[in-house]
Amino acid sequence: MVLMALDHVRDYTSRLHFPPEDLSRATVGLFATRWVTHFCAPGFSLLAGMGIGLAMQRGNSAGAMSRFLLVRGVWLVVLDLVVTPIGWRLGFDLIPAFALVLWALGLSMIVMAALVHLPRAVVAAGALLMIALHNLLDGIQPADLGAWAPLWNVLHVPGFVIPGKLFVGYPLVPWVAVMALGWALAAVYEWEEPRRRRFLVVAGVAATALFVVVRAWNGYGDPLPWSPQRTTGLTVASFLDARKYPPSLDFLLMTLGPLLVALALLERARGRVADRLAVYGAVPLFFYVIHIFLAHLVAIGIAWVQGGAPRRILAASAPETIPDWYGLPLPGVYVAWAVVVLAMYPLCRWFARLKRERDDWWLSYL
């Protein structure tokens, strides 16, 4: 959650109004600030799947879990299309709508409502095959499918499902496979701790090593080949610049591998820092929705100081809306990020306490 906030705060407050992946203009520091946040979406999806699996291991039936996932999935889609856009834009101009990470999580949960009835081994095998092979479909473009083009946008190629009205930024494939893989992986938490930690480390290191091999090959695994750049640091950045929309095989190996190792290494994490971070992790959806509004308010405050009047600042994905005089250098972005994260702490602590003290059914959806 904390890393995710960095990406969104950078998007709103940086004076560099171009994508950090544009290596013709980006610095290594800017690219690294973006790259480190690539672990967030795969982490959300994998851990959501693990959460489903752990809930079922605690006694929730497949039928009850299906009903929960259907409702929660629809709710996440509504949040992504109706509630969070108000924060992104600080207004009620909801069209065009952008289907982003909550959309992908919500649709994946709706699919998982059916998959939880299948054998775990079958789901795991299907998930691994989808992750490994979906790049074979990269050559198929929506226009090739005629009237079925919008369905292909939902499934695999980002684009407008409804021209000018609904843009899908997070296609379902292969995000649903990551969640399904997490559901299957939940079984390792029934093992003894040494065996579980060893498995997660070995699997994570193997996935990371496979990323290096496949990426170095520069053949299959990502539609964006890496290439030598003007500096060694930017050449490394090109190597790490795997496609996220939709996540390629390279992208998922690069992110899921270290995430599995982190799960093993952080299992025993204790102390003040771990306790503070756990406050954010206890209410991730609450954090996600509220921090969008807060990041935008911080951007408005910066615009007020720099331009003498408050004004809405849309994200850097819409650079034509951002004044040339607006924005912070990279160190300032990190300061703004710290402000947002620290401001979120008391809010998350309050809401986490509310969820502990009350058992209202609706709180399980927040």
Side-chain angles (χ1 to χ4, degrees), residues 1-9 11 36-55 58 60 65 68-69 71-88 99-110 112 170 175-176 178-179 181-183 185-186 189 255-256 258-260 262-263 266-267 269 273-296 337-338 340-366:
M1 304 311 298
V2 172
L3 284 177
M4 175 199 63
L6 172 60
D7 195 38
H8 297 155
V9 171
D11 211 22
V36 74
T37 67
H38 282 340
F39 292 89
C40 298
F44 297 158
S45 194
L46 185 76
L47 293 176
M50 295 182 74
I52 296 168
L54 292 173
R58 290 194 296 265
N60 289 275
M65 184 55 62
F68 175 80
L69 290 172
V71 176
R72 186 170 179 83
V74 171
W75 171 231
L76 290 180
V77 170
V78 171
L79 279 177
D80 211 28
L81 299 182
V82 178
V83 179
T84 58
I86 300 173
W88 293 126
L100 303 174
V101 66
L102 291 187
W103 160 283
L105 289 170
L107 289 188
S108 296
M109 287 181 181
I110 292 171
M112 286 301 303
Y170 279 69
W175 287 117
V176 65
V178 179
M179 187 176 292
L181 184 63
W183 179 74
L185 274 175
Y189 285 89
T255 53
L256 292 178
L259 282 169
L260 292 176
L263 279 174
L266 297 177
E267 187 169 327
V273 173
D275 291 343
R276 297 294 186 274
L277 291 175
V279 170
Y280 299 117
V283 288
L285 184 56
F286 176 84
F287 182 105
Y288 180 87
V289 173
I290 302 302
H291 97 283
I292 294 170
F293 289 83
L294 191 55
H296 204 154
W337 171 51
V340 170
V341 170
L342 291 174
M344 284 299 303
Y345 183 80
L347 298 174
C348 290
R349 184 173 57 182
W350 163 76
F351 194 68
R353 184 184 303 117
L354 179 68
K355 293 190 72 171
R356 287 195 303 269
E357 294 174 352
R358 299 179 57 170
D359 58 359
D360 305 61
W361 66 269
W362 55 271
L363 285 172
S364 64
Y365 291 93
L366 296 176

Test salt bridge (charged side-chain N to carboxylate O under 4.0 Å, His left out) applied to Arg358 - qualifying residues, sequence neighbours left out: Asp360

Flag side-chain contact, heavy atom, 4.5 Å: Val341 against Tyr280: yes

Exercise: identify the closest heavy-atom pair between Gly53 and Ala186: CA-CB, 3.7 Å

Identified side-chain contact (heavy atoms from CB on, under 4.5 Å) counterpart of Tyr170 within the set Leu100, Leu105, Leu107: Leu100

Closest non-hydrogen atom pair, Met109 against Leu69: O-CB, 3.5 Å

Non-hydrogen atoms of Val101 and Asp80 that approach each other most closely: N-OD2, 4.0 Å

Ring pair (Phe, Tyr, Trp, His ring centres under 6.0 Å) against Trp75, all qualifying residues, sequence neighbours excluded: none

side-chain contact (heavy atoms from CB on, under 4.5 Å) between Leu185 and Leu260, intermediate numbers included: CA-CA 10 Å; Leu185 274 175; Leu260 292 176; 3.8 Å; yes

Closest contact, heavy atoms only, Leu102 versus Leu79: CD1-CB, 4.1 Å

Residue pair Met50 / Leu263, side-chain heavy-atom distance below 4.5 Å: yes

Separation between CG of Leu277 and CE of Met1, rounded to the nearest 0.5 Å: 12.0 Å

Plane angle bin for Phe351 and Phe286 - parallel if under 30°, tilted between 30 and 60°, otherwise perpendicular: parallel

Intermediate values then yes/no, side-chain contact (heavy atoms from CB on, under 4.5 Å), Trp183 and Met112: CA-CA 9 Å; Trp183 179 74; Met112 286 301 303; 3.6 Å; yes

Heavy-atom pair with the smallest gap, counting every atom of Met4 and Cys40: N-SG, 3.3 Å

Rounded distance (nearest 0.5 Å) linking atom OG of Ser108 with atom CH2 of Trp175: 9.0 Å

Ala55 to Met65 - nearest heavy-atom pair and separation: CB-CE, 3.4 Å

Value rounded to 0.5 Å, distance of NE2 in His296 from CD1 in Ile86: 13.0 Å

Leu76 side, atom CG; Leu285 side, atom CG - distance, nearest 0.5 Å: 6.0 Å

Spacing of Cys348 atom SG and Lys355 atom NZ [to the nearest 0.5 Å]: 11.0 Å

Neighbour count >12 (heavy atoms, 6.0 Å) for atom CG, Asp359: no

Any Met179 side-chain heavy atom under 4.5 Å of Ile52 side chain: yes

Mutual orientation of the aromatic rings belonging to Tyr288 and His8 [parallel < 30°, tilted 30-60°, perpendicular > 60°]: perpendicular

Point-to-point distance, once rounded to the nearest 0.5 Å, from CZ of Arg276 to CG of Leu342: 11.0 Å

